[in-house]
**Student:** 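Have a look at this one before I ask anything.
Nothing here was measured: the structure is a model prediction, and the numbers come from that model. Quick note on labels: first sequence line is chain A, next is B, and so on, each numbered from 1.
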2 protein chains.
Amino acid sequence: MAVTIKDVARLAGVSQSSVCRALADPARVRPETRDRVQSAAKQLGYHPNRVARSLITGRTANLGVVLPDLANPFFPTVVKAIQTRARRFDYAVFLSDTDEDPAVEVPAIRALAMQVDGFLLCSPRAPDDDLRPFAREKPMVVLNRRITPLPSVTADSADGMRQAVAHLAALGHRTLAYVAGPRTSWSNRDRQRGLRAATTAHGIRLVEVGNVAPTVDGGAAAADLVLAATGVTAVLAYNDLVALGLLRRCHARGVRVPEQLSVVGFDDILIAGLLAPPLTTVAIGKERIGRVGVDLLLELMTDPDHRGTAKRVLPTQLIVRGSTGPAVS
Amino acid sequence: MAVTIKDVARLAGVSQSSVCRALADPARVRPETRDRVQSAAKQLGYHPNRVARSLITGRTANLGVVLPDLANPFFPTVVKAIQTRARRFDYAVFLSDTDEDPAVEVPAIRALAMQVDGFLLCSPRAPDDDLRPFAREKPMVVLNRRITPLPSVTADSADGMRQAVAHLAALGHRTLAYVAGPRTSWSNRDRQRGLRAATTAHGIRLVEVGNVAPTVDGGAAAADLVLAATGVTAVLAYNDLVALGLLRRCHARGVRVPEQLSVVGFDDILIAGLLAPPLTTVAIGKERIGRVGVDLLLELMTDPDHRGTAKRVLPTQLIVRGSTGPAVS
DNA sequence: TTGTACGCGTTATCAA
DNA sequence: TTGATAACGCGTACAA
């Protein structure tokens, strides 16, 4: 059996309340008592039961993180940042991977709802209306998506796409392809929207392919579709994994990158810079997304009135590498 | 305020106990009552408070996962498998990333200890004696390490190294280098041990370099040391990230792989097969490690007496790719 | 079959 | 400054 506050109280010869105070608010007890309690606690190896505490205080000191796929290198980076930030404030984090299945999200949130003080929803796939109700139960911040009126942290996809298109246009490309990610992905729609605006502004033709799974295999499958489209000299992928699949399949089919086809990814995951050719991609501050997400959530939790609808949009930056080059006619 | 069992009882016109029974053990209550309770529960959107429940039952339905670095692609794969397996049995999982700092592990475990039914320690870095005490408080399974007498799941590094050395020996390599990972890593020591045995058996000379951080940067730093060593024609890295760093730095220094130097990694992370040249590496069943770990832990939890000292050793397999080739003198 | 009452470990309230 | 007691929400032994 674990050692409880009672044991400490008995050993120290004081009441439970004094133990509680001596440990939580040392200033409100006589120094002598404080010392007796603290040494008794140390001697017994006493640690307050956070479960019992949360029952009365209503606080759990836990955060819930829900995301679609830990196998996508984008998410571990975000999660690590979340975890690091959360630890600073003594929060523990629950992790729930929904494996890209929108139907799993609601039950996953439901299961965690009781034992967390707030949620960080990373790229959730479920419909807005399925998610919104939970926001009334627990503070909730959305990452990589906007769900009115929840606070959110997103990347400036439009600007990223603008940079990418400007880059490709400068290289002489006149027809681009976009390989779309999951239909349920908000960032896919956001990137697609931004890309359309950018191509229109440049008077560039856009061919859209997909939707495909946001994985290497999804990209490989899309490659054949892209290569079949007429006039395409450059392709922008939903994310780096898809771009990887494109590169791989192009290589297998003898299509040289960037000589015959330029490829641009999105996210700048670790692997992107290590490939041959290294991948030109739109970088997102992944760690920052996680950190800002936690900060927003903490703010929302401590300031219940402040039904803050903060919408943070973080900058993106095109990283030009070897996978893009001049267009050939 | 959340809806409690009391609200349901009031609406259904029964006592709290009846609500409890109607939901937990529908057979032990009159069908009429059961229906009233269930419809009341549904109408109010009642979900039992798992925190309060765990206080009385002693069970939390949570698992704790502690690991050194989510940024190493090896771990997300394991975690995803753990998460998936845990969900099947209605367990939620806490994730704690210690950022390769042994000193953080004990506090991290301590913080979670109250609210989990068991721990999965992935490649823990702290000394055995710091970790063992917790095993008396909560069931605990160790992955990628052995801590007597705890149950563990490890990979057969010795056999993996045997395969790798046999491969390199067959290619005519007579002097190998090993780039060692963290001193605190059990798998590093395990791999190193296996490699020593294999090289001795083949009458091959082994040069040991390191220890370095288990990252791309660590590998890059090691590259210069390896290239300075005389006679080395092939190098085995602690893991794929280190191997990546080696490849990158070799490329930067104009050393061609595999023509001038063969490189072998360990883990077979996603990126390994996508590089140019693709990385020859020793593959581990990462998903299986996670899955087996959960199964072992569940077994340990349901069978408290069975202080089972199961030590599962999973097979490894050499994947030969382009980063290894014949030795040149 | 159902209801009453207690206890899990902690913090909050109030009186001493 | 301290101690007794209530309360958090639930499960269960026991009584009805």
Side-chain angles (χ1 to χ4, degrees), chain A residues 1-38 40-41 44-62 90 110-117 137-138, chain B residues 1-38 40-41 44-62 90 110-117 137-138:
Chain A
M1 205 54 191
V3 36
T4 79
I5 200 172
K6 265 184 171 169
D7 303 317
V8 180
R10 197 176 315 128
L11 179 61
V14 297
S15 73
Q16 299 181 26
S17 340
S18 295
V19 174
C20 185
R21 278 188 289 250
L23 297 174
D25 192 5
R28 292 184 68 81
V29 303
R30 198 168 41 165
E32 179 187 312
T33 314
R34 180 173 56 84
D35 294 342
R36 279 231 308 286
V37 169
Q38 289 186 343
L44 294 174
Y46 169 74
H47 295 269
N49 185 329
R50 300 177 77 168
V51 174
R53 170 184 297 172
S54 75
L55 195 56
I56 180 76
T57 62
R59 286 193 57 236
T60 63
N62 297 331
D90 274 315
R110 171 60 63 205
L112 257 37
M114 302 284 183
Q115 28 191 355
V116 301
D117 293 336
E137 296 182 31
K138 295 285 177 180
Chain B
M1 205 55 190
V3 34
T4 79
I5 201 172
K6 264 186 172 171
D7 303 317
V8 179
R10 196 177 315 126
L11 179 60
V14 297
S15 74
Q16 299 180 24
S17 7
S18 295
V19 175
C20 187
R21 279 186 289 251
L23 298 175
D25 193 4
R28 293 185 68 81
V29 42
R30 200 168 40 166
E32 182 187 310
T33 314
R34 178 173 57 86
D35 294 341
R36 278 229 310 286
V37 169
Q38 289 185 344
L44 294 175
Y46 169 74
H47 295 270
N49 185 327
R50 298 177 78 169
V51 173
R53 171 184 295 173
S54 75
L55 196 55
I56 178 81
T57 62
R59 286 194 57 237
T60 62
N62 297 331
D90 275 314
R110 172 59 65 204
L112 256 37
M114 303 283 182
Q115 28 191 357
V116 301
D117 293 337
E137 296 183 32
K138 295 284 177 181

**Student:** Could you tell me how far apart B/Q115 (CD) and C/dG9 (P) are, to the nearest whole angstrom?
**Tutor:** 16 Å
**Student:** Starting at CZ of A/R21, measure out to OG of A/S17 and round the result to the nearest 0.5 Å.
**Tutor:** 5.0 Å
**Student:** With a 4.5 Å limit on heavy-atom distance, are the side chains of A/Q16 and A/C20 in contact?
**Tutor:** no
**Student:** Got a sec, which residues hit side-chain contact (heavy atoms from CB on, under 4.5 Å) with A/V37, two or more places apart in sequence or on another chain?
**Tutor:** A/V8, A/A12, A/V14, A/V19, A/A22, A/L23, A/T33
**Student:** Using whole Å, what does the distance between atom P of nucleotide D/dC10 and atom NZ of B/K6 come to?
**Tutor:** 10 Å
**Student:** Starting at CE of B/M114 and ending at P of C/dT11, how long is that distance when rounded to a whole Å?
**Tutor:** 11 Å
**Student:** Any chance you could lay out the side-chain contact (heavy atoms from CB on, under 4.5 Å) test for B/S18 and B/V29, step after step, and finish with the verdict?
**Tutor:** CA-CA 7 Å; B/S18 295; B/V29 42; 5.6 Å; no
**Student:** Rounded to the nearest 0.5 Å, how far does CG of B/L44 lie from CZ of B/R10?
**Tutor:** 9.5 Å
**Student:** How close or far is atom P of D/dC8 from atom CG of B/D7, stated in whole angstroms?
**Tutor:** 11 Å
**Student:** Counting only heavy atoms and a strict 4.0 angstrom limit, can you tell me which residues of residues 16-29 of chain B come near DNA chain C?
**Tutor:** B/S17, B/S18, B/R21, B/V29
**Student:** Closest to the B/T33 side chain: D/dT1, C/dT1, C/dT4?
**Tutor:** C/dT1
**Student:** What's the CD1-C1' distance between B/I56 and D/dT12, to the nearest Å?
**Tutor:** 7 Å
**Student:** Might you point out which heavy atoms bring A/T4 and A/D7 nearest each other, and give the distance in Å?
**Tutor:** N-OD2, 2.8 Å
**Student:** Which residue pairs pass the side chain to side chain donor-acceptor pair (under 3.5 Å) test with at least one member in residues 46-62 of chain B, sequence neighbours excluded?
**Tutor:** A/R110-B/H47, A/Q115-B/N62, B/R59-B/Y91, B/T60-B/D117
**Student:** Compare the minimum distances between each of D/dG11, C/dG9, C/dT11 and the side chain of A/R53, then state the nucleotide with the smallest one.
**Tutor:** C/dT11
**Student:** Report the end-to-end axis angle of the helix from C/dT1-D/dA16 to C/dA16-D/dT1; each axis comes from five terminal pairs, and the value is rounded to 10°.
**Tutor:** 50°
**Student:** Go through residues 44-52 of chain B and report each residue with a non-hydrogen atom lying under 4.0 Å from DNA chain D, sorted by number.
**Tutor:** B/Y46, B/P48, B/N49, B/A52
**Student:** Can you list the residues that meet the side-chain contact (heavy atoms from CB on, under 4.5 Å) rule with B/D25, with sequence neighbours excluded?
**Tutor:** B/A27, B/R28
